[in-house]
Q: 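Please read through the structure below; I'll follow up with questions.
All heavy atoms count here, side chains included; hydrogens, waters and symmetry mates do not.
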Amino acid sequence: MNSWSSIGFLAVLVCYMKAEDITRENVLTIVEECKEEEGATDEDIETFKARLPPVSKEAKCMRACLMRHLGVLVDGDLSKEKAIKLAEVVIHDEDKIHLAATLVESCESLDFHEDPCEAAGQYITCMNKYAQEHGIMDD
C-alpha cells in the first residue's frame, strides 16, 4: 500500500513547500515535532501512518499542529486553495486529478472553529471517506 496516495496525507501535507520538496521524510519530521509539542504517542504516529482516524485528543491535536504548521488549517478552517493545490500535486492518477477540488469542497464546510484539534480530525475523516468513495486511495 502506498501511503502517499492517502487523502489524509493530502489534508496535512505541505502547502508552503514546493512540489519537489514534498517527501514522506519531510512530513514525518514535522509529525515528530508535532508529536512532541502535543504530547502524542508512538501509537498515534502509527495510526497516522496507517491512515486511520485519530482517536485521542493528543492524536487530533498532533494532526492539527501539522496542518497549522503547514498552512492547511487556518483558524480552524481548511485552506481550500492550498489543499486543492496540494491534492493536485500528490494525486498520481491523472484521471482523478479533477477530483481534487471536489474532494476539498466536500469537506470545507465542516465547522469546528472552537476546537482546532477536532476540526483536524473531522477534515481528515471527511477527506478519507470521500477518497474511498471515489477510488482515489490505494487499497
Side-chain angles (χ1 to χ4, degrees):
M1 168 173 30
N2 181 349
S3 62
W4 275 106
S5 63
S6 168
I7 300 305
F9 272 137
L10 293 180
V12 297
L13 289 179
V14 187
C15 285
Y16 289 123
M17 289 182 177
K18 296 177 185 161
E20 62 271 12
D21 292 335
I22 298 174
T23 67
R24 188 171 197 275
E25 291 74 28
N26 288 346
V27 171
L28 292 177
T29 297
I30 297 167
V31 167
E32 284 293 330
E33 292 171 8
C34 288
K35 172 190 169 200
E36 295 300 317
E37 183 178 318
E38 299 297 338
T41 65
D42 290 339
E43 185 177 335
D44 295 327
I45 296 286
E46 292 308 312
T47 299
F48 174 79
K49 289 178 184 178
R51 301 183 293 186
L52 297 172
V55 176
S56 71
K57 179 74 169 177
E58 292 81 9
K60 291 175 185 178
C61 289
M62 177 187 74
R63 293 184 193 203
C65 170
L66 180 60
M67 293 172 76
R68 246 187 348 264
H69 186 73
L70 300 173
V72 177
L73 187 67
V74 180
D75 297 326
D77 290 323
L78 190 67
S79 172
K80 178 180 172 181
E81 295 78 21
K82 291 179 183 182
I84 290 171
K85 285 180 186 177
L86 179 63
E88 291 171 346
V89 169
V90 295
I91 292 176
H92 299 290
D93 186 338
E94 291 296 321
D95 294 332
K96 295 182 181 175
I97 289 281
H98 69 279
L99 294 173
T102 306
L103 179 145
V104 173
E105 289 167 357
S106 71
C107 299
E108 75 172 327
S109 64
L110 296 174
D111 186 13
F112 296 96
H113 301 288
E114 296 161 16
D115 187 347
C117 298
E118 188 63 30
Q122 293 297 320
Y123 286 131
I124 290 166
T125 299
C126 179
M127 288 187 192
N128 277 335
K129 180 181 176 194
Y130 181 90
Q132 289 172 339
E133 289 172 356
H134 292 86
I136 298 171
M137 292 174 65
D138 285 345
D139 294 323

Q: With sequence neighbours excluded, tell me which residues meet side-chain hydrogen bond (donor to acceptor under 3.5 Å, both in side chains) with T125.
A: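 So T125 forms no side-chain hydrogen bond (donor to acceptor under 3.5 Å, both in side chains) with any residue.
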Q: Going from SG on C61 to CD on E37, what distance comes out if it is rounded to the nearest 0.5 angstrom?
A: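 One gets 10.0 Å once the value is rounded to the nearest 0.5 Å.
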Q: To check you understand the geometry: which heavy-atom pair defines the closest contact between D77 and Y123, and what is its length?
A: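 Minimum heavy-atom separation between D77 and Y123: CA-OH, 3.6 Å.
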Q: May I ask you to decide whether R68 forms a salt bridge with E33, counting only side-chain N to carboxylate O separations under 4.0 Å?
A: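 E33 and R68: not salt-bridged.
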Q: Ignoring hydrogens and angles, state whether a donor on the side chain of D44 or T47 is under 3.5 Å from an acceptor on the partner side chain.
A: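 Result is no, nothing qualifies.
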Q: Once you round to the nearest 0.5 Å, how far does CG of N128 lie from CD of E133?
A: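 Output value for this atom pair is 11.0 Å.
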Q: Between C126 and S106, what is the shortest heavy-atom contact and its length?
A: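 What the structure gives for the nearest pair is SG-O, 3.9 Å.
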Q: I need the L52 CG to E46 CD distance, nearest 0.5 Å.
A: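 If I round to the nearest 0.5 Å, the distance is 10.5 Å.
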Q: Grab the two heavy atoms, one from I45 and one from M62, that are nearest each other, plus how far apart they are.
A: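 Closest heavy-atom pair between I45 and M62: CD1-SD, 3.6 Å.
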Q: T102 vs H134, test: side-chain contact (heavy atoms from CB on, under 4.5 Å). Steps then yes/no.
A: CA-CA 10 Å; T102 306; H134 292 86; over 6 Å; no
Q: Of the non-hydrogen atoms in E38 and E58, which two are nearest, and what is the gap between them?
A: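 Taking E38 first and E58 second, the nearest heavy atoms are O-CG, 3.6 Å.
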Q: CD of E43: more than 12 outside heavy atoms within 6.0 angstrom?
A: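 No, the 6.0 Å shell around CD holds no more than 12 heavy atoms from other groups.
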Q: Do you know which two heavy atoms are closest between A120 and R63, and how far apart they sit?
A: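 What the structure gives for the nearest pair is CB-C, 4.0 Å.
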Q: Might you point out which heavy atoms bring A64 and C117 nearest each other, and give the distance in Å?
A: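 In this case the closest contact between A64 and C117 is CB-CA, 3.9 Å.
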Q: Indicate yes or no: at least one non-hydrogen side-chain atom of M67 is less than 4.5 angstrom from one of L78.
A: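 The answer is yes, as the side chains (C-beta and beyond) meet within the 4.5 Å cut-off.
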Q: Side chains of C34 and L66, heavy atoms from C-beta outward: is any pair under 4.5 Å?
A: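 C34 reaches L66 side chain to side chain.
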Q: Between K57 and D115, does at least one N-O distance fall below 4.0 Å, as a salt bridge requires?
A: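 A salt bridge is present here (some side-chain N lies under 4.0 Å from a carboxylate O).
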